[in-house]
Amino acid sequence: MSHNETAQFSTNNSSHGPHKPGTLGANNSNLGNNANANNGNVADDATHIRQLQEAFATADKTGTLEKKMLTPAVCRTDAMRLWRDVLNANVYNGLKVIQLRWCAMQSAGAKLLADGLGNSCMNSLETLDLMGNEIGVSGSRAISQLLAPGVDLDSFQVQDSRSVLAAFEHTSRIGCIKTLVLSYNCTSDAGCGYLGKAICISNTINTLELENCEIGDNGCKYLRRGIERNQTIRVLNIAANRFGDLGAREIQSFLLRNSSLAKLDISRNRLGPQRTMEIAKGLTMNRSLKNLRMNINRIGARGAQLLAKMLINNHSLEELELSYNEIFNDGVQVLAQGLVQNHGLKRIVLWYNGLEDAAARQLARALHQRSKQAHFRNDMVQAIAESQPSHFFIVEKGGAGGGAAAATVGGSGGKQQAAAAAAAQNKKSRHHSSKSKPRPHPETYPICEKIVDYLPVYMYFEVDLSHNRRITKNGINALLEVAASDSIAIRGLKELLSKDRREREIAALAKTSLY
């Protein structure tokens with residue numbers, strides 16, 4: 001080897017890192033840090049698993065697992081694999097409620113959680129609250145699978161629901177979740193597709209909350225397909241979404257076809273008069289809905305007019321909330337006309353609608369006329385009597401006793417006669433059923449009428465006019481006259497009254513329990 005080659009070889013060797021003592025020490029230090037980090041992760045996982053086991057053991061006894069029972073680190077996406085492991089290793093039949101709001105679970109965490117719940121809690125879990133976890137479409141699919149276990153939601157078509165349900169003919173319960181809260185989760189239309197399919201199959205779900213989930217017209221269509229085939233759902237919240245005219249028609253459709261829905265929240269959806277008309281058409285023929293929230297929708301006076309026409313034909317709706325809708329005086333005047341002809345509504349909320357004295361006076365007159373109507377009074381008498389049916393009604397018992405008596409006569413020799421007598425009695429009882437039509441007791445039923453005469457009528461109806469600052473002394477006096485004479489509950493007047501109001505008005509407030 002020449003002198004130049006020897007020098008080059010020495011230079012190359014001196015440039016390699018492993019031969020430098022400082023570099024070798026740095027590499028060893030990095031390896032040590034990685035090992036310590038891995039050991040730290042293992043230790044953290046063990047700590048988290050122990051915490052989850054303790055939390056689930058406590059929840060199995062109390063029935064409720066809440067976010068506050070755990071540290072934030074245990075509720076993040078990367079920790080959900082530990083949830084799955086703990087749930088797969090144990091069965092928690094006492095766990096009924098899981099509430100994990102705003103945990104940043106995301107879609108991956110929702111899949112892991114659903115996998116664990118499907119193996120551990122499907123015989124007991126009734127409420128699953130995952131509000132604000134950004135679970136997206138894939139997470140919504142995984143959670144929807146809990147409503148319809150054993151059904152492939154990807155290939156399932158709603159049109160095939162009868163054949164699928166035939167496979168569950170001998171199953172009393174399909175799924176177990178009764179309340180599902182997925183609000184603020186970016187579920188979108190695709191996620192609603194899975195939810196609609198699952199609702200079509202489930203016979204346990206009764207509450208579904210999808211507030212602010214970016215649901216459009218197609219999402220409403222998917223939900224409609226499931227809701228109109230479901231007869232257990234009673235509460236639906238689709239507030240603060242972005243559906244348009246087509247979505248409003250889908251809502252109209254399931255209002256016409258579903259007979260179980262009792263509470264609907266469609267607030268903050270920018271409905272306007274046109275979409276309000278579509279929903280009012282569905283409400284006109286609906287007989288199951290009791291509570292409707294339509295706050296912050298800018299329906300205006302035209303929308304109020306459409307709802308007033310609906311109230312003339314719908315006597316099953318009991319609560320109507322129309323706050324922040326720019327109804328103003330003209331809208332309240334037409335609503336008042338509808339209230340006079342309606343005898344089912346018990347509460348109406350009109351916050352922040354810019355109402356003035358003219359609207360207050362018109363509303364006061366309508367409430368006065370409404371409380372004096374005969375059918376309204378009769379409904380209250382009937383309701384009081386039905387609260388104690390054994391005391392206010394007579395139920396005649398004749399069919400069963402006669403048949404039993406006939407069966408005991410004649411001994412063994414008269415078996416044929418006894419059987420014939422029993423058959424004749426059963427046939428007679430089918431045509432003259434006294435149990436289904438109890439009649440009022442002649443002595444006690446009139447007491448109900450006297451009770452209604454002395455009861456304050458604010459039990460009949462309540463109107464909330466809070467935050468309508470344009471109502472002045474004249475409008476307040478008109479409402480107080482109605483409240484004092486008919487005892488109708490008019491809430492929100494206390495904040496409108498000035499401190500130096502007359503003693504009569506203060507006494508009227510105290511008498512009628514106004515707020």
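- Between L130 and I143, the closest side-chain pair of non-hydrogen atoms falls below 4.5 Å.
- Checking Q333 against Q362 by side-chain atom types alone, no donor-acceptor pair falls below 3.5 Å.
- Rounding to the nearest 0.5 Å places CD of E462 at 5.0 Å from CZ of R347.
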Requested in this report: Please assess R491 against D464 for the test salt bridge (charged side-chain N to carboxylate O under 4.0 Å, His left out), listing each intermediate value before the final yes or no.
Outcome: CA-CA 4 Å; R491 300 184 183 273; D464 194 338; 5.8 Å; no
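- Contact annotation: the side chain of K263 never approaches that of R234 to less than 4.5 Å [non-hydrogen atoms, C-beta and beyond].
- I227 CD1 to E250 CD: the interatomic distance, rounded to the nearest 0.5 Å, is 10.5 Å.
- Judged by distance alone, with hydrogens and angles left aside, the side-chain atoms of W83 form no donor-acceptor pair with the main-chain N or O of I49 at under 3.5 Å.
- Atom CG of L322 sits about 6.0 Å away from atom CG of L307, to the nearest 0.5 Å.
- Under the 3.5 Å distance criterion, with hydrogens and angles disregarded, a donor-acceptor pair is assigned to the side chains of N342 and R370.
- With D265 as the fixed residue, the side chain to side chain contact (heavy atoms under 4.5 Å, CB included) test singles out one of N291, L236, N237, L292: N237.
- Defined by atom type and a distance below 3.5 Å, a donor-acceptor pair is missing between the side-chain atoms of T64 and Q99.
- L256 approaches K281 most closely through the heavy-atom pair CD2-O, 4.1 Å.
- Using a 4.5 Å heavy-atom cutoff, the side chains of L65 and D60 are not in contact.
- Remark: side-chain polar atoms of D330 are not paired, donor with acceptor, to backbone N or O of V332 under 3.5 angstrom.
- Note: Y324 OH to H467 NE2 = 6.5 Å, rounded to the nearest 0.5 Å.
- Closest of all the heavy-atom pairs between R275 and A248 is CB-CB, 3.8 Å.
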Please set out all donor-acceptor pairs under 3.5 angstrom arising from side-chain atoms of residues 107-116, sequence neighbours excluded.
none

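- Residues N133 and A104 come closest through the heavy atom pair OD1-N, 3.3 Å.
- For the pair L223/F254, no side-chain contact is recorded, criterion being any heavy-atom separation below 4.5 Å from C-beta on.
- S140 contributes a side-chain N or O that, together with a main-chain N or O of G136, makes up a donor-acceptor pair within less than 3.5 Å.
- Between N353 and N468, the shortest heavy-atom distance links the atoms N-OD1, 3.1 Å.
- Shown here is K290, whose NZ atom has more than 12 heavy atoms of other residues, nucleotides or ligands within 6.0 Å.
- In terms of modelled atom types and a separation under 3.5 Å, the side chain of S120 and the main chain of N90 share a donor-acceptor contact.
- Using a 4.5 Å heavy-atom cutoff, the side chains of T284 and N314 are not in contact.
- Side-chain contact between L117 and L87 is present, with at least one heavy-atom pair separated by less than 4.5 Å.
- Here the side chain of T127 pairs no donor or acceptor atom with the backbone of I98 at under 3.5 angstrom.
- Here the side chain of N230 pairs no donor or acceptor atom with the backbone of C200 at under 3.5 angstrom.
- Inspection of the D44 and T47 side chains reveals no N or O donor paired with an N or O acceptor under 3.5 Å.
- Between the side chains of E321 and N295, at least one donor N or O lies within less than 3.5 Å of an accepting N or O.
- A donor-acceptor contact shorter than 3.5 Å links the side chain of S387 to the backbone of I384.
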Report task. Apply salt bridge (charged side-chain N to carboxylate O under 4.0 Å, His left out) to the pair D189 and R242, showing each step before the final yes or no. Result -> CA-CA 10 Å; D189 292 349; R242 51 183 181 84; 5.1 Å; no
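- The ring-ring contact (aromatic ring centres under 6.0 Å, His included) contacts involving residues 177-197 comprise W102-Y184, where partners must be two or more places apart or lie in separate chains.
- Around atom CZ of R270, no more than 12 heavy atoms belonging to other residues, nucleotides or ligands sit under 6.0 Å away.
- N203 contributes a side-chain N or O that, together with a main-chain N or O of I174, makes up a donor-acceptor pair within less than 3.5 Å.
- A distance-only check finds a donor-acceptor pair linking the side chain of S323 to the backbone of W351 [under 3.5 Å].
- For the pair K221 and L246, the minimum side-chain heavy-atom distance is 4.5 Å or more.
- The NZ atom of K67 sits 12.0 Å away from the CE atom of M131 when rounded to the nearest 0.5 Å.
- When all heavy atoms of T187 and V137 are compared, the pair lying nearest together is O-CG2, 3.7 Å.
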**Report entry** Derivation of the side-chain hydrogen bond (donor to acceptor under 3.5 Å, both in side chains) call for N206 and T232
**Finding:** CA-CA 5 Å; N206 59 35; T232 62; over 6 Å; no
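- Proximity of a side-chain donor or acceptor of Q145 to a complementary backbone N or O of V151 within less than 3.5 Å is detected.
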Query raised in the report: What's the verdict on salt bridge (charged side-chain N to carboxylate O under 4.0 Å, His left out) for R141 and D154, showing C-alpha distance, side-chain angles and the deciding distance?
Result: CA-CA 9 Å; R141 182 204 176 283; D154 290 315; 3.0 Å; yes
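- With 3.5 Å as the limit, one finds a donor-acceptor pair spanning the side chains of N119 and N88.
- By the 4.5 Å heavy-atom criterion applied to side chains, I490 and F461 are not counted as neighbours.
- Residues N185 and I135 share a closest heavy-atom pair of OD1-N, 3.3 Å.
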